[in-house]
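Input: a single structure, listed below in structure tokens.
Letters A, B, ... are given to chains in the order of the sequence lines, protein chains preceding strands, and every chain is numbered from 1.
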Amino acid sequence: MRLSRYFLPVLKESPRDATIVSHQYMLRAGMIKQSSAGIYSWLPLGFKVLKRLEQIVHEEQERAGHIAIQMPTIQSADLWRESGRYEAYGDEMLRIKDRNGNDLLFTPTAEELVTDIFRSHVASYKSLPMTLYQIQWKFRDERRPRFGVMRGREFYMKDGYTFDLTKEAAMHSYNRHLVSYLRTYERMGLQAIPMRADSGPIGGDDTHEFLVLAETGESEVFYDAAVTDLSFGNRVIDYDDVAQCADVMKEFTSKYARTDETHDAALFNTIPADRRRSARGIEVGQIFYFGTKYSNAMGATVQGPDGKPTLVHMGSHGIGVSRLLGAIIEASHDDKGIIWPEGVTPFHVGIVNLKQGDVDADSACQSLYDSVAALGLEALYDDRNERAGSKFGTMDMIGLPWRITVGPRGLKNGVVEVTSRKTGENEEMPPEQAIAKIGEIYRVHGLGNGQLK
RNA sequence: CGGGGCGUGGCGCAGCCUGGUAGCGCAUCUGUUUUGGGAACAGAGGGUCGAAGGUUCGAAUCCUUUCGCCCCGACCA
């Protein structure tokens, strides 16, 4: 993309309403525009990152054997009356009437609807296990929306629902989700720690929340420092292997890590003092096992091996996709702006032309731009007739992890500069080598085709 | 929902107390000179001052009502 043809409304000053850094930077980098309290339009740059995150979630869900569907945002109240939640959900549910006076609502979650789909079409235990998931907009009419996309009223969430014949099988589904979530967050450049949590109004027995440590987090968390040494890495996992998933579950949840809701001070104090940590965290996901709560309320059964109808055991598993934008920025920024991890960056590399209109600089930039595209990657080429400082400032703000700087001075010696946004390290090299380097960086992240022209 | 704050060009703000018909910086447009970390000069465009009602010869300013937004707290992906 050529910046001169793009829509990137970068602001020099922070809008007054934004108080935390991720909100400020999302506004300043022209990623979102507030529409009303807790409701945002996604401008091109923000939309691009949102879609990258969505893509990662889809890929990891598919890898775990989960099946994508899409359910409506507007739902009939009837199903919710069946589960008893139409009344129970309270003011957070946005209730709507259609022209015929029928009660509708904007989906805050989708246990009822997915259970209805399941009971309508799945009749045999042979179809199990099954996980249906969607990535869809949700609306919860929060008392106090705040912090930009971190606590919006409208938010984009991946919600997955598991159906199993037995509790044991359901716990494997639970573990499988935990594993897939670990992979998902790591691909996004995040360390999200599973912590024992409280089940809240959705109701359930076993539940973990995934928290990203950050000063501005809304949750108070307590953990054993040893949990932050854990990393899923590139290990190969068979998602159907019950023991393997259970081992990962055990590895990542046996150390003390809890939110304030479930914090047990006595237990916490058994950890060696030098490893006890209390901090703030941003909740970016949650997994639940809730047994037959909904299948019982809504009559979701399958025929078991014995020929008898059996209530299915269910769980629901969520990732706050839009919230992740905020969480990633909170975890990765400096005083100049955002620093995107390679896995989620809106553009893989920025190309800065220091002297627009200079024949050599223009053609070198165009050639670099084409070469990046040939690698299967996207470049943002700042071809505006601006001064260097302004271009650098924009690139730093929007946080592309790599920048290639092209100017007449370097071109005289046959070199361009490659700069890391994160470390600030700057290296001069011929353009072909710069392209090779960019290709290699993203090949390691599984992005691009790694091929040079 | 309790407490506090704020609504004035796209963004950040001043003006309000003490009423006289709206201003500054950034951004935008035009021109000239510039060009390796947010350029300089000259000119230009853009605002029914959140909304409604009232007081007044006259309201951004005073009064009333109302809507919206933000922060702290209690609740939540």
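The base-pairing partner of G43(B), taking Watson-Crick or G-U wobble contacts with both distances under 3.5 Å, is C29(B). G37(B) is unpaired under the criterion used here, namely a Watson-Crick or G-U wobble arrangement in which both key atom distances are under 3.5 Å. Base pairing of C49(B): no nucleotide in any strand meets the Watson-Crick or G-U wobble criterion (both distances under 3.5 Å). With a cut-off of 3.5 Å on both pairing distances, U56(B) has no Watson-Crick or G-U wobble partner at all. With a cut-off of 3.5 Å on both pairing distances, the Watson-Crick or G-U wobble partner of C1(B) is G73(B). Taking a pair to require two hydrogen-bonding distances under 3.5 Å in either a Watson-Crick or a G-U wobble arrangement, G23(B) pairs with C13(B). As the counterpart of C6(B), G68(B) is assigned, both hydrogen-bonding distances of the Watson-Crick or G-U wobble pattern falling under 3.5 Å.
Minimum atom distance to the side chain of F147(A) is reached by C72(B), of the listed G12(B), C69(B), C72(B). Distances were taken from every side-chain heavy atom of D396(A) (C-beta onward) to each of G38(B), G37(B), U34(B); the shortest belongs to G37(B). Between C11(B), C71(B), A27(B), one nucleotide has an atom nearer to the side chain of K12(A) than all others, and that is A27(B). Nearest nucleotide to the T394(A) side chain, out of G37(B), C72(B), G38(B): G38(B). In the set G12(B), G73(B), G37(B), the nucleotide with an atom closest to the side chain of K336(A) is G37(B).
Within the structure, a side-chain polar atom (N or O) of Q34(A) is placed less than 4.0 Å from OP1 or OP2 of C70(B). Distances shorter than 4.0 Å separate none of the side-chain N or O atoms of R143(A) from OP1 or OP2 on A74(B).
With P as the reference atom, A14(B) and A59(B) are 24 Å apart, rounded to whole Å. Rounded to the nearest Å, the gap between the C1' atom of G50(B) and that of A60(B) is 12 Å. Taking atom C1' on both nucleotides, A39(B) is separated from U35(B) by 8 Å, rounded to a whole Å. Comparing the P positions of C6(B) and G12(B) gives an interatomic distance of 16 Å, to the nearest angstrom. For the P atoms, the distance linking G15(B) with U8(B) amounts to 14 Å, nearest Å. For the P atoms, the distance from G7(B) to C62(B) is 12 Å, rounded to whole Å. Atom C1' of A22(B) sits at a distance of 22 Å from the matching atom of C29(B), rounded to the whole Å. U18(B) and G37(B) have their C1' atoms separated by 48 Å, given to the nearest Å.
At whole-Å resolution of the value, OH in Y40(A) and C1' in C70(B) are 10 Å apart. Atoms CD (E386(A)) and C1' (U34(B)) sit 13 Å apart, rounded to a whole Å. Put simply, CE on M26(A) is 18 Å from P on C11(B), counting in whole angstrom units. One atom, CE of M397(A), and another, C1' of C11(B), lie 13 Å apart when rounded to the nearest Å. Rounded to whole Å, atom C1' of U35(B) lies 12 Å from atom CZ of F392(A). A straight line from CZ of R144(A) to C1' of G68(B) spans 16 Å, rounded to a whole angstrom. At whole-Å resolution of the value, CZ in R387(A) and P in G37(B) are 9 Å apart. Remark: P of A74(B) and CD of E261(A) are 13 Å apart, rounded to the nearest angstrom.
If you check distances only, the side chain of R403(A) does reach the base of G37(B) with a donor-acceptor pair under 3.5 Å. No N or O donor and acceptor, one from the side chain of S390(A) and one from the base of G37(B), sit under 3.5 Å apart. For E13(A) against G25(B), a side-chain N or O and a base N or O form a donor-acceptor pair under 3.5 Å.
Contact detail for S83(A) and E112(A): the closest heavy-atom pair is OG-OE2, 2.5 Å.
Checked options R421(A), E342(A), H348(A), M395(A); the residue passing with W402(A) is E342(A) (criterion: side-chain contact (heavy atoms from CB on, under 4.5 Å)). Residue Y156(A) is tested with L50(A), I319(A), L324(A) for a side-chain contact (heavy atoms from CB on, under 4.5 Å); the sole match is L50(A). When V415(A), V352(A), L411(A) are each tested for a side-chain contact (heavy atoms from CB on, under 4.5 Å) with V406(A), only one passes: L411(A).
Contacts of E218(A) with the nucleic acid, taken as non-hydrogen atoms under 4.0 Å apart, are absent. Counting non-hydrogen atoms under 4.0 angstrom, R16(A) reaches the backbone sugars and phosphates but no base. Base contact: G407(A) has a heavy atom under 4.0 Å from a base atom. Within 4.0 Å of G152(A), counting heavy atoms only, lies at least one base atom of the nucleic acid. When heavy atoms are screened at a 4.0 angstrom cut-off, S36(A) is found touching the sugar-phosphate backbone but no base atom.
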Subject >> Derivation and outcome, side-chain hydrogen bond (donor to acceptor under 3.5 Å, both in side chains), residues S36(A) and Q34(A) >> reply: CA-CA 6 Å; S36(A) 42; Q34(A) 181 163 7; over 6 Å; no

**OP:** Show the numbers, then the answer: is there a side-chain hydrogen bond (donor to acceptor under 3.5 Å, both in side chains) between H177(A) and Y289(A)?
**Re:** CA-CA 11 Å; H177(A) 273 83; Y289(A) 164 72; over 6 Å; no

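Counted by atom type alone, S14(A) and R16(A) present zero donor-acceptor pairs between their side chains at under 3.5 Å. Between the side chains of Y40(A) and E154(A), no donor-acceptor pair of N or O atoms lies under 3.5 Å.
Residue order along RNA chain B, read from the 5' end via each residue's closest nucleotide, puts E428(A) first among E428(A) and H23(A). Comparing T19(A) and V284(A), the nucleotide of RNA chain B nearest to each residue sits closer to the 5' end for T19(A).
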